[in-house]
Number of protein chains: 2
Amino acid sequence: MATLQEVAVAAGVSPATASRALSTPASVSIERRHRVLEAAERLGYRPNRSAQDLASGRSRHIGLVVPDLANPYFATVAKGVQAQARGAHRSVLVADTDEDVRAEREILGDLQPNVGGLLLCSPRLPEDEVRDAATRGPLVIVNREVAGLASVSFDVASGVRAALEHLKALGHTRVAYVGGPASSWSDARRRAALGDVSGVEIVDIGGHRPIHQGGVAAADLIVAAGATAVLAYNDLVALGVMSRLTARGLDVPGDISVVGFDDIPAASYASPALTTVALPLTRAGHEATTLLDGLDTAAAPPTVRLAVELVVRDSTGPAARP
Amino acid sequence: MATLQEVAVAAGVSPATASRALSTPASVSIERRHRVLEAAERLGYRPNRSAQDLASGRSRHIGLVVPDLANPYFATVAKGVQAQARGAHRSVLVADTDEDVRAEREILGDLQPNVGGLLLCSPRLPEDEVRDAATRGPLVIVNREVAGLASVSFDVASGVRAALEHLKALGHTRVAYVGGPASSWSDARRRAALGDVSGVEIVDIGGHRPIHQGGVAAADLIVAAGATAVLAYNDLVALGVMSRLTARGLDVPGDISVVGFDDIPAASYASPALTTVALPLTRAGHEATTLLDGLDTAAAPPTVRLAVELVVRDSTGPAARP
DNA sequence: GTGAAAGCGCTAACAC
DNA sequence: GTGTTAGCGCTTTCAC
């Protein structure tokens, strides 16, 4: 493994110049710069990140903390982060908390001192702890907003409204809401917008696990509540609702319409294909990474709220005549 | 941020002793060890990974290269890797190649010099390049085998046989195989086992993209070929086949039985729920990480071939009478 | 614009 | 067991 030292010797310059040629090309004469670049290329020079980080006092790694990597939602965000980070020559350290707040704390303490910035997808960590973490280094929150901190989130309220208007236009007047984890920020956002559309009565089915099984569990409650349509916390839940409904012999959307949230790939594969509020997850990963890069220079911590879009597929239809 | 130096001073020992107390506790007297641990705890000491790596000459990071993080297959492997790595106090650097071999090469060159070991999920990279990478540092291949290199893969042949036997027992005699990417190692493994079950005629539908859309594209060919059952390259493809079949008005499993590979979460959500060959993906992540740790000490590069299991659900049934 | 020199925080001989 | 002493490979003042 060639070192910068060796590159410098090969190029006939000092290590300092070699370093500058690579990191601040503008500060080196064009001729020497070329010599250094050529030598680096020829020797197959690869910077030693540990050395760079140690010497400069800042890490080029980005830490990404997610509750569950196997969840397509977070996996997609992670993919976006990854892509953007690579463009900025930074690497991504991912940590999966397995939905466990205790593990999350531990990971935070472990990870944060060793990364240049942290991307936190943490729907459940108490706000003061998030704020605390932000004092320890650059931090961007994803899918949540905390006053005074940089974040990337989605305009879920308008998504909820769009879904409700869509159902209303189809003649639905009694819509069940299947909630997610009670402590989740984004569940609260969804709930807050539930009353925004007049003429649609909302039946709260309560909080459920944000996975397929949660929807399965909720389906019977929906039927019992006499709703003709459902808005679910996310697609996984919506898919769960749909499969249980179908298993009970009910038709979607003939008997009950179903709307999800997120637009994970499975939403379009399902049959019927799921009508859902699409969140630009990859884009969120991009934005969050970009935000992180500009965080020191930014005056106030920026908050990006990404627009969402209702994707109408086949799981919604006219309300059944009573 | 407290340094080891400061911890050492606070504990009244030399930096070396402080270092040993933390990394090789056995080599320090019990009393001093306690003093160091206590001081570290009290000062909130966090080791600087860059410094550790630079000084010791080896990185504690694990590099994980996957073709697509948003693919539930790789996301699940990644989760397994992550969990195991954290147990060993190592962090995971993930890189997503976006299914692009050129990007993969670049990532390899970038990543490998800066990690202590590499986990490669790379179905398509030419074998000699994989072998080449292995000379540059500890490397474990996942879901593929290359002679002489450490790897974790699945016993897909027995999975194919189990699927075929299952179909045969249901009376199917003409089974279509929807292949994956032609250059993929695991597609070749599946194909190699296709002839192992006598009494079942295999119709090769050719290679398709290993995603939902690939299955959609293949479905019509299956019908045209007159097969009563399909074995697909993976679940995504199987799901695609199923949705196209259903859209054409065919019944699964009434008219055609479908079997997938992998057992991703969506397989159990689908309706009908997909019969599939389950691969222990999380386990593969664990094993690969464990293998990486023991690689230097191992005599011969270990090859782990994980057992698979046919999960019979609702997408397979008796062959339709001709 | 360039080089010399001083570390960044830690580990690993090497002596004791 | 323990301390002393060198660095690991790089960035970054500081002079020139």
Side-chain angles (χ1 to χ4, degrees), chain A residues 1-37 39-40 43-61 89-91 110-116 137 296, chain B residues 1-37 39-40 43-61 89-91 110-116 137 296:
Chain A
M1 199 77 279
T3 70
L4 225 212
Q5 187 72 246
E6 297 169 334
V7 172
V9 171
V13 300
S14 75
T17 298
S19 174
R20 291 181 188 113
L22 263 18
S23 52
T24 35
S27 65
V28 172
S29 76
I30 185 147
E31 192 249 325
R32 289 173 177 234
R33 187 192 329 171
H34 267 88
R35 288 220 310 266
V36 171
L37 261 34
L43 298 174
Y45 168 72
R46 298 287 170 176
N48 180 321
R49 263 60 194 310
S50 301
Q52 287 185 313
D53 289 354
L54 183 57
S56 65
R58 55 193 146 67
S59 168
R60 331 145 108 39
H61 293 314
H89 294 286
R90 306 183 66 178
S91 316
D110 235 47
L111 198 58
Q112 199 169 19
N114 291 296
V115 297
D296 321 302
Chain B
M1 204 74 281
T3 69
L4 225 211
Q5 187 71 244
E6 297 170 334
V7 171
V9 170
V13 300
S14 75
T17 298
S19 174
R20 291 180 189 116
L22 262 20
S23 53
T24 34
S27 64
V28 173
S29 77
I30 184 144
E31 191 247 328
R32 289 174 178 234
R33 187 193 329 173
H34 267 89
R35 288 220 310 266
V36 171
L37 261 34
L43 297 173
Y45 168 73
R46 297 287 170 176
N48 180 320
R49 262 62 192 319
S50 302
Q52 287 185 315
D53 289 354
L54 183 57
S56 65
R58 54 191 149 69
S59 168
R60 321 144 118 34
H61 293 314
H89 294 286
R90 306 184 68 176
S91 315
D110 235 47
L111 198 60
Q112 198 168 20
N114 291 296
V115 297
D296 320 303

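Naming: A, B, ... by sequence-line order, numbering from 1 per chain.
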With a 3.5 Å cut-off and sequence neighbours excluded, list the donor-acceptor pairs that the side chains of residues 9-22 of chain B form with protein atoms.
{"unit_1": "B:Ser14", "atom_1": "OG", "unit_2": "B:Ala16", "atom_2": "N", "d": "3.4"}
{"unit_1": "B:Ser14", "atom_1": "OG", "unit_2": "B:Thr17", "atom_2": "N", "d": "3.2"}
{"unit_1": "B:Ser14", "atom_1": "OG", "unit_2": "B:Thr17", "atom_2": "OG1", "d": "3.3"}

Roughly, in whole Å, what's the span from [atom1] in [X] to [atom2] in [N]?
| X | N | atom1 | atom2 | result |
| --- | --- | --- | --- | --- |
| A:Ile30 | C:dG1 | CD1 | P | 12 Å |
| A:Asp53 | D:dT12 | CG | P | 11 Å |
| B:Arg33 | D:dT2 | CZ | C1' | 14 Å |
| A:Glu6 | D:dC8 | CD | P | 11 Å |

When all nucleic acid strands are considered with a 4.0 Å heavy-atom cut-off, which category describes B:Arg58: base, sugar-phosphate, or nothing? sugar-phosphate

Positive for side chain to side chain contact (heavy atoms under 4.5 Å, CB included) with B:Val36, one of B:Leu4, B:Val28, B:Val7: B:Val7

So if I define the base as every atom that isn't primed, P, OP1 or OP2, how would nucleotides 3-10 of chain C read as a B/S/- string at a heavy-atom cutoff under 4.0 Å? BB--BBBB

[atom1]/[X] to [atom2]/[Y] distance, rounded to the nearest 0.5 angstrom?
| X | Y | atom1 | atom2 | result |
| --- | --- | --- | --- | --- |
| B:Leu37 | B:Arg32 | CG | CZ | 14.5 Å |
| B:Ser59 | B:Gln112 | OG | CD | 11.5 Å |
| A:Leu54 | B:Gln52 | CG | CD | 11.0 Å |

Whether the side chain of A:Asn114 engages the backbone of B:Arg49 through a donor-acceptor N/O pair (distance < 3.5 Å, no angle test) should be reported. yes

Looking at B:Ser23, I'd like to know whether one of its side-chain N or O atoms comes within less than 4.0 Å of OP1 or OP2 on C:dT11. no

